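What follows is a single structure, written as structure tokens, with notes after it.
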There are 2 protein chains.
Amino acid sequence: MSEQILTEHINSYVNFSEEELSEIVRFFEVRSYRKKEKLLHAEKRCDTLFFVAKGCLQLYFIDDLGNPKTTQFAMETWWLTDFLAFQYQRPSNFYVETLEKSTVLSISFSKYEELLEKFPKMEKYYRSIFETAYGAALMRIKYIYSLSKEEMFFSFRQSFPEFVQRVPQYVLASFLGLTPEYLSEIKKK
Amino acid sequence: MSEQILTEHINSYVNFSEEELSEIVRFFEVRSYRKKEKLLHAEKRCDTLFFVAKGCLQLYFIDDLGNPKTTQFAMETWWLTDFLAFQYQRPSNFYVETLEKSTVLSISFSKYEELLEKFPKMEKYYRSIFETAYGAALMRIKYIYSLSKEEMFFSFRQSFPEFVQRVPQYVLASFLGLTPEYLSEIKKK
DNA sequence: AAGAAAAATTAAGCTGGTTTAAGAAAATCA
DNA sequence: TGATTTTCTTAAACCAGCTTAATTTTTCTT
């Protein structure tokens, strides 16, 4: 059951009773999506936060030349949205789209506020999640600035072999900030 | 007073009484630093979280060639540390150092845990801070991947003119991911 | 105020990674 | 299953940004 993925994840950070957890889950909408479905559209108001119970999402934008560029992936138990736009209820700078058949729990901004109001312990859960995510983003910037494109690929494959398997190569290329052609050349070695 | 910078900042997110705020402040150590003092050393256990009351800090690492590379700045009311290492009490991947004469409030990891335990509303404060910081980091990655080095500089100067004034050019260059020589060339235009 | 050290500039040559274009392979669909 | 679309590969020409190294300017120290 998809709801259980979320409740177990929450429980690994904060302790809630069974009743509380089932009430928390009611704040979310559970839905399955086919491959390549858009869950969030750039330019539209960013009103939804997503939790991946199964499958894989990407956060991406369209560059000047019309090519999609992936900024972030989210697999099982990861949260995803344009967090800056979400917090201030502004238009999104990104698209969110499935990379494969996925099951996602969604919560609207107003429900998110209600949830945090009603269950203040959820603040602790999200604080931990965002603290880690921000720390990881700083590490990612460190890698971007210290590794060559070739090293980026090998170091990423070492750390997240499952991503390299699951994600199309041109999406991985854009996430790593290189061209599909160059990635192909690197892999040849 | 430096403590007041912190309490006012906290109060802009969560409401606390005067007594609570003065108790919260007691979890922190206030200290002034000269220019170029190290507050956190790479490889050493990351046990401290910093709040800038006055001045400016940088988070940086040393690359293969021995050159320091700035990953993040922090000016007044910003929080800084190696968040990933801090949360898991691991060795730091970064140095933290003053870029100018600064006044900083520091909190150790155990005090941070105590603080959150004793004042659960602080979870909300930090949740908001980290949610925004993570969102901003994703935007930063968007910029890194979509702008040329020249565009990076002009767009950064447009958004944060005060940084460009305050920070040495070679530090700014490393933050933007280009060489000081090339930044110099760009500025000539 | 002078001397030393640190930071910024300039210019030439070079390279990691892009662009373009065309073909091969793999996945999707009727 | 074959047809169509999507993804991946290969190779050559090209360029944004780096490296190197020498000079100038600014900042720091006494």
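Proteins come first, then strands; the chains are lettered A, B, ... in the order of their sequence lines, and each starts at number 1. If you're wondering where the values come from, they're calculated on a predicted model, not measured in any experiment.
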Base paired to D:dT30 (Watson-Crick or G-U; both N/O distances under 3.5 angstrom): C:dA1
Protein-to-nucleotide contact annotation, 5' to 3' order, nucleotides 12-22 of chain C [B base; S sugar-phosphate only; - none; under 4.0 Å, heavy atom]: -----SBBBB-
Roughly how many Å is it from CD1 in A:I186 to P in D:dC8, rounded to a whole number? 14 Å
For residues A:F83 and A:F130, establish whether the separation of their ring centroids is below 6.0 Å. yes
Answer yes or no: is there an ion pair linking A:R166 with A:E76, defined by an N-O contact shorter than 4.0 Å? yes
Using the ring centroid of each side chain, check whether A:Y95 and A:F61 are separated by less than 6.0 Å. no
Whole angstrom is fine here: how far is it from CD in B:E100 over to P in D:dC28? 12 Å
What is the distance from CG of B:N67 to P of C:dA6, rounded to the nearest Å? 15 Å
For A:K187 and C:dA25, give me the distance from atom NZ to atom P, rounded to whole Å. 15 Å
A:K121 to A:F16, cation-pi by 6.0 Å centre distance and 45° axis angle: yes
Using a cut-off of strictly less than 4.0 Å, decide whether B:K35 has a side-chain nitrogen or oxygen near OP1 or OP2 of D:dC28. yes
Aromatic ring proximity A:W79/A:Y126, centre distance under 6.0 Å: yes
Does A:K188 reach a base, just sugar-phosphate, or nothing at all? Heavy atoms under 4.0 Å. sugar-phosphate
Do the ring centers of A:F51 and A:F28 come within less than 6.0 Å of each other? no
Per B:K36 side chain, nearest of listed nucleotides C:dT9, D:dC28, C:dA6: C:dA6
Within the 6.0 Å centroid threshold, strictly below: B:F175 and B:Y60: no
Residues from residues 166-173 of chain A sitting under 4.0 Å of DNA chain C, heavy atoms only? none
CG (B:D82) and CG (B:L49) are apart, to the nearest 0.5 Å, by 11.5 Å
Interatomic distance, B:L40 atom CG to B:L80 atom CG [nearest 0.5 angstrom]: 8.5 Å
Whole angstrom is fine here: how far is it from CG in B:L99 over to P in C:dA6? 16 Å
